[in-house]
Amino acid sequence: MQFFTSEEVAKLLGCTESNVRYLRRDNKLKPANPHKKRNFLFSENELERFLSLRNNPTISPTPGTQTSEQDGEPISNTRNKNAEYREVIK
């Protein structure tokens, strides 16, 4: 079994090391050595699990992609429209 450092995981995921730390903090990526406070190692199986969840939106919906019941648009877009509407009214 192969293990990857945070730096290597960041390169594989196409993000920064800070993003990898946030993913670990939010329990989206689980290190192979959770008892450590830093210098985490991630197993190959864990990376495959994370990538399969990230690439398959039916298994793990991402925040902000929920749709409003009114028009079926993402909630974030609905909020932006409401803010624009309030500005027009003023």
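Since we're looking at a predicted model, the values are computed, not measured.
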Trainee: Tell me the closest heavy-atom pair linking A32 and S43, and the distance in Å.
Mentor: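 So the minimum-distance heavy-atom pair works out to CB-N, 4.4 Å.
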Trainee: Any chance the side chains of R21 and S18 put a donor and an acceptor closer than 3.5 Å?
Mentor: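 Yes - a donor-acceptor pair under 3.5 Å links their side chains.
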Trainee: Minimum heavy-atom separation for S6 to F42, with atom names?
Mentor: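 So the minimum-distance heavy-atom pair works out to OG-CE1, 3.6 Å.
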Trainee: Are V20 and Y22 connected into the same hydrophobic cluster when the rule is that any two of I, L, V, M, F, W, Y join if their side-chain heavy atoms are below 4.5 Å apart?
Mentor: no
Trainee: Please check: side-chain N/O of N19 versus main-chain N/O of C15, any donor-acceptor pairing under 3.5 Å?
Mentor: no
Trainee: When you group the ILVMFWY residues by side-chain heavy-atom contacts below 4.5 Å and let the links chain together, are F50 and L12 in the same group?
Mentor: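 Result: yes, single cluster for both.
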Trainee: Please examine the side chains of L13 and R54, heavy atoms only from C-beta on, and report whether any two atoms are closer than 4.5 Å.
Mentor: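 With C-beta onward as the side chain, the pair touches.
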Trainee: Identify the heavy atoms of R24 and F40 that sit nearest to each other, and give their distance.
Mentor: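 Looks like NE-CE1, 3.1 Å.
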Trainee: Can you see which heavy atom on K28 is nearest to which on E46, and at what distance?
Mentor: O-OE2, 3.9 Å
Trainee: Before giving the answer on side-chain contact (heavy atoms from CB on, under 4.5 Å), spell out for L29 and V9 the whole-Å C-alpha distance, their side-chain angles and the decisive distance to 0.1 Å.
Mentor: CA-CA 10 Å; L29 258 179; V9 171; 4.0 Å; yes
Trainee: Around atom NZ of K11, are there more than 12 heavy atoms of other residues, nucleotides or ligands at under 6.0 Å?
Mentor: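 Incorrect, the count does not exceed 12.
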Trainee: Flag the pair L41 / F4 as yes when at least one side-chain heavy-atom distance between them is below 4.5 Å, and no otherwise.
Mentor: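 No. Closest side-chain heavy atoms not under 4.5 Å.
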